[in-house]
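The structure appears below as structure tokens.
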Amino acid sequence: MDVEKCFRIQQLTEEEAWSLFNKTAGGSLEKNLELRPIAMKIVEECGGLPIAIITIAKALKGGRLAVWKNALEELRASSPTNIKGVSKNVYSCLEWSYKRLISVEVKSLFLLCGLLGDGDISLDDLLKYGMGLDLFDNIDSLEQARDRVVALVKILKASSQLLDALADGPYYKKKYCFSIC
């Protein structure tokens, strides 16, 4: 992430949340009288959580009105099932973004990250456990498996589900941070 220090970000104010969502979605929501009210309700459903705002705005960017309306309805309909410490807003945003991942392999890798992570997850661990759990289709070599993991991680990073972790020490290995940690 090209940063020196990692720090916790608190919930954003309504104004900050709207600004971040609008900017991430392309910056033209202020002018779009059809999308703006729906977008504002979607921002409310994100509960001021930056990662939820960014993930959903990226997914909706360039989408039609019907897609935005559907996203709002799905966010509202989602409900956590007895997950201690997870608010409805966090759960609904995670569930919505998970459903939009493009393949079973990407979803499986995302879930593997959740199982492995209490922070940083190495590419080597994703490869090792992904191969052990047979998460990847049509793989004939370790090189192909590594390439597949790199490609899947790129998809998760593009959807804001994974973030680059910070380099730490002289024996730095490429690591990723599960976005909700």
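Scope of the values below: all heavy atoms of this structure, side chains included, with no hydrogens, waters or symmetry mates.
- Enclosure of atom CD in Glu30 by more than 12 non-hydrogen atoms of other residues, nucleotides or ligands within 6.0 angstrom is indicated.
- A pairwise comparison of heavy atoms in Tyr98 and Leu111 identifies OH-CD1, 3.4 Å as the closest pair.
- Leu142 is listed as a side-chain neighbour of Leu127, based on a closest heavy-atom distance under 4.5 Å.
- Scanning all heavy atoms of the two residues, the minimum distance from Ile121 to Cys113 falls at CD1-O, 3.3 Å.
- A donor-acceptor contact shorter than 3.5 Å is absent between the side chain of Glu16 and the backbone of Leu12.
- In this structure, Ile102 is a member of the same hydrophobic cluster as Leu156, with clusters built from ILVMFWY side-chain heavy atoms closer than 4.5 Å.
- A search for ring-ring contact (aromatic ring centres under 6.0 Å, His included) contacts involving Tyr129 returns nothing, not counting sequence neighbours.
- Here the side chains of Lys61 and Thr24 are not in contact, with every heavy-atom distance at 4.5 Å or above.
- Considering all non-hydrogen atoms of both residues, Arg148 and Asp137 come closest at NH1-O, 2.9 Å.
- Under a cut-off of 6.0 angstrom, the local environment of CD in Glu73 is crowded, with over 12 non-hydrogen atoms contributed by other residues, nucleotides or ligands.
- Taking each heavy atom of Leu112 and Gly130 in turn, the nearest pair found is CD2-N, 3.8 Å.
- For the pair Gly48 and Ala17, the tightest heavy-atom approach, listed with the atom from each and the gap, is CA-CB, 4.4 Å.
- One finds the CZ atom of Arg36 at 12.5 Å from the NZ atom of Lys31 (value rounded to the nearest 0.5 Å).
- With rounding to the nearest 0.5 angstrom, the CD atom of Glu74 is 15.0 Å from the NZ atom of Lys69.
- Hydrophobic cluster membership differs between Val104 and Ile139, with clusters built from Ile, Leu, Val, Met, Phe, Trp and Tyr side chains linked at under 4.5 angstrom.
- Once rounded to the nearest 0.5 Å, the distance linking CD of Glu105 with CD1 of Ile155 reads 9.0 Å.
- Rounded to the nearest 0.5 angstrom, Phe110 CZ and Lys107 NZ are separated by 11.0 Å.
- Looking only at side-chain heavy atoms (C-beta outward), Leu152 and Leu135 stay at 4.5 Å or farther from each other.
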Step-by-step side-chain contact (heavy atoms from CB on, under 4.5 Å) determination, Thr55 to Trp96: CA-CA 10 Å; Thr55 301; Trp96 188 87; 5.7 Å; no

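- Counting only heavy atoms from C-beta outward, the side chains of Leu20 and Val43 never approach each other to under 4.5 Å.
- With values rounded to the nearest 0.5 angstrom, Asn22 atom CG is found 10.5 Å from Leu35 atom CG.
- Inter-residue side-chain proximity for Val149 and Phe136 is flagged as met; some heavy-atom pair is nearer than 4.5 Å.
- No donor-acceptor distance shorter than 3.5 angstrom exists from the side chain of Arg146 to the backbone of Leu123, with no hydrogens or angles considered.
- Taken to the nearest 0.5 Å, the CD atom of Glu95 stands 9.0 Å off from the CZ atom of Arg100.
- Contact check for Trp68 versus Lys41: no side-chain heavy atoms found under the 4.5 Å cut-off.
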